[in-house]
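To keep things clear, I will list the structure first and then write my remarks on it.
For the numbers below, each heavy atom of this structure counts, side chains included, while hydrogens, waters and symmetry mates do not. Here is the naming used below: chain letters follow the sequence lines, and residue numbers restart at 1 for every chain.
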There are 2 protein chains.
Amino acid sequence: MTVNRLAEIAALAGVSPSTVSRALSRPELVAERTRRRIMNAVEATGFRQNEVARSLKQQTSRTIGLVVTDLNPFHATLVKGVQDTAERNDLNVILFTSDDSAAREREALSILRSHMPQGLILIPSAHTALHAQLLRGLTVVELDRQSGMDGAHTVQVNNRAGARDAVRHLIAQGHQRIGAIFGQLHVSTAQERHQGFRDALAEGGVAYDETLVRYGNDLEPSGRAAALELLDVSPGARPTALFVSNHEMAVGAIIAMRSLGLKLPRDISLTSFDDSRLMLLHEPPISVVAQPTYELGVRACEVLIAALADGDVPHHVRLDAPFIARGSVAPP
Amino acid sequence: MTVNRLAEIAALAGVSPSTVSRALSRPELVAERTRRRIMNAVEATGFRQNEVARSLKQQTSRTIGLVVTDLNPFHATLVKGVQDTAERNDLNVILFTSDDSAAREREALSILRSHMPQGLILIPSAHTALHAQLLRGLTVVELDRQSGMDGAHTVQVNNRAGARDAVRHLIAQGHQRIGAIFGQLHVSTAQERHQGFRDALAEGGVAYDETLVRYGNDLEPSGRAAALELLDVSPGARPTALFVSNHEMAVGAIIAMRSLGLKLPRDISLTSFDDSRLMLLHEPPISVVAQPTYELGVRACEVLIAALADGDVPHHVRLDAPFIARGSVAPP
DNA sequence: ATGAAAGCGCTAACAG
DNA sequence: CTGTTAGCGCTTTCAT
């Protein structure tokens, strides 16, 4: 026998529905004995409150939205961080992927609202600012990137410092012709990493040469194409090192290097963003700026929960992304 | 100005709420002119029906549950397949991870029910059968593995054939001492791959030697430990090839081989389950049984949707997982 | 073709 | 400490 209405429990325990509701949600308001009787009935029947009805009545659900731009391994780890933390706080996650498309993001946000979530964690696309209207009144935490929208909380890594450290290392090894591949500059991560790249160049007395810089879309094929453009030239014109500002594009760059028969680190050095087992097990292992990916997801969820409790003080979190030197970098 | 109640649209369009509801959900029941008036108001205000209220009234939500055992890159791809397909069918995904734990799975299913989902896609844990009660009345599709629960639809790959092809290839290359690492045999995938392993041995006239077989938990550390046990022995006692039946454990095996200074494929050959860029870019590239991971997620969602429409005919899908020979296998 | 009315399952004043 | 009552926003008979 299954019981799925609070009223049935009430009948079983011989009390009114409100008392059952209280026993479940605010047990301190119910007399010990009554409560015990109710809980017995609840356990015996396996009853659980209907979340949908609760949500409608309370005008908010124990749910948060999570919008990611894609679901590659990096995002999966982010999602896991959010998910684990949400679960610990009795929150459920409704997942959307925007594919960085304005239309899909818009739709996701619109649908999400109709589910009355407590709040929203999102990797903003380049178009998020356009959707400010859809976010009105929602507590939102921007994860990984920031859209510039005001009122939003943010949880990011120290992109600029990470990129700077990586490029500094290349320069310390003696590289002067350093190629670079970034995401689109209107995305904050690309912008910040680009800035870190320039910081390191300036600091090392190396001129910024825009002919050695390419911009992709954070997906592997674009990294491959960009790397081919930079590397498939006469050995003299070729950069001696490459800084790729995102994991997927770095994979593309590795593939490009192979197809050109370039050996790491003999023919070229490489430094990338985001650590992974691929980067670690590669021969040679790839030097990377290691984002604390899982932690990022955890913190985003924690910030959301804090913001929900605290009110509107915006929280901005920056985690460090340490550079890890490995065998993919050698003197030119 | 934001409108968030259907009644407000009704007022704006000068009709009753029922008519607005019909215009939105069953437009053919509303006169062209009225409908247009309503739709104008809807578009002007950006109104969207409250899903929570709809769900309560309709006693089901436009939502499906998705329970995965973990969120590694393999699962992420599965999730993406489900998610993309769900989105195309106006379904939202509530995501849970069970970590293969009975308690977490139980909790996930219980919570899920309270959200009145249309159905559920789940990677069953070893304990799913215990939770049959929680699944009563729900349309469920088991993905990747099967629990044996009756009534459930299943979407899996041809594990047995995949494993057999991989091991057949090892034998064809001349291997006789073949080590193997599987997941726990009470998980259907491990069971089936184990069977395929034995099929190939029998077919190749190689005796099954249980001292060369280990069982892990599908996570990387267990693969590493198992591989160390098998490989850290005198060269004569060592298997000449290893078949690892899951991606994470294969990564562990690769790490173990490195720590022992064993070179692939000179000192040992390796074949694994699940393709990935890591396997592809590894030197040498690893031979794998390539599961159509994304497709698996897509099909699971399609089966769910079909089952929801069709009624109770159980659907069982098996996709092929072709073996791809690469450089990690050489004659002993 | 449209409107009025009831009710999905729950919670939260308010009374007692 | 507990019960009564109203209502969250929507859909759906039923009536007109």
Comparing Pro17(B) with Ser21(A), nearest DNA chain C nucleotide closer to 5' gives the residue Pro17(B)

Are Thr34(A) and dT2(D) close enough that a side-chain N or O sits under 4.0 Å from OP1 or OP2? yes

Taking dC8(C), dC10(C), dT2(D) as options, the one with an atom nearest any side-chain atom of Lys57(B) is dC8(C)

From CZ of Arg37(A) across to P of dT2(D) the rounded distance in Å is 8 Å

Between CD1 of Ile38(A) and C1' of dC1(D) the distance, given in whole Å, is 11 Å

Assign each of Glu32(A) and Ser18(B) the nucleotide of DNA chain D bearing its closest heavy atom; nearer the 5' end lies the nucleotide of Glu32(A)

Taken to the nearest whole Å, CG/Asn4(A) to C1'/dG9(C) is 10 Å

Asn50(B) has its side chain closest, among dC14(C), dC10(D), dA1(C), to dC10(D)

The nucleotide from dC10(C), dC8(D), dA12(C) with an atom nearest the side chain of Gln59(A) is dC8(D)

Is there a side-chain contact between Ser55(A) and the phosphate of dC8(D), meaning an N or O under 4.0 Å from OP1 or OP2?
no

Glu8(A) atom CD is separated from dC10(C) atom P, nearest whole Å, by 9 Å

Pairing of Glu192(A) and Arg318(A) as salt bridge, 4.0 angstrom limit: yes

Could you verify whether a donor N or O on one side chain and an acceptor N or O on the other, from Ser110(B) and Arg48(A), lie under 3.5 Å apart?
-> yes

Contact class for Val52(B) vs. all strands (heavy atom < 4.0 Å): base, sugar-phosphate, or nothing? nothing

Arg54(A) CZ to dG7(D) C1', in whole Å, measures 17 Å

5'-most contact on DNA chain C (nearest-nucleotide basis), Ala31(B) vs Arg26(A), goes to Ala31(B)

Under 3.5 Å: donor-acceptor pair, side chain of Asp99(B), backbone of Ser101(B)
no

*Any donor-acceptor pair under 3.5 Å between the side chain of Ser25(B) and the base of dT11(D)?*
no

Side-chain atoms of Arg5(B) come closest, of dC1(D), dG9(C), dG9(D), to dG9(D)

When rounded to whole Å, the CZ to C1' distance for the pair Arg35(B) and dT2(C) reads 15 Å

Side-chain N or O of Gln58(B) less than 4.0 angstrom from OP1 or OP2 on dT12(D)?
-> yes

Backbone N or O of Glu51(A) within a donor-acceptor pair of the Ser55(A) side chain at under 3.5 Å?
-> yes

Tell me whether His186(A) contacts the main-chain N or O of Gln184(A) through its side chain, where contact means a donor paired with an acceptor under 3.5 Å.
no

Rounded to whole Å, the CG-P distance (Leu6(B) to dC8(D)) equals 13 Å

Q) Any side-chain N or O of Gln49(A) less than 4.0 Å from the OP1 or OP2 oxygen of dG9(C)? A) no

Original post:
Under 4.0 angstrom, heavy atoms only, what part of the nucleic acid is Thr19(B) near: base, sugar-phosphate, or nothing?
Top reply: sugar-phosphate

Side-chain contact check for Leu56(A): nearest option of dC8(D), dT12(D), dG3(D) is dC8(D)

For Thr19(A) and Val30(A) the tightest heavy-atom approach is O-CG2, 4.0 Å

Between CZ of Arg33(B) and C1' of dT2(C) the distance, given in whole Å, is 14 Å

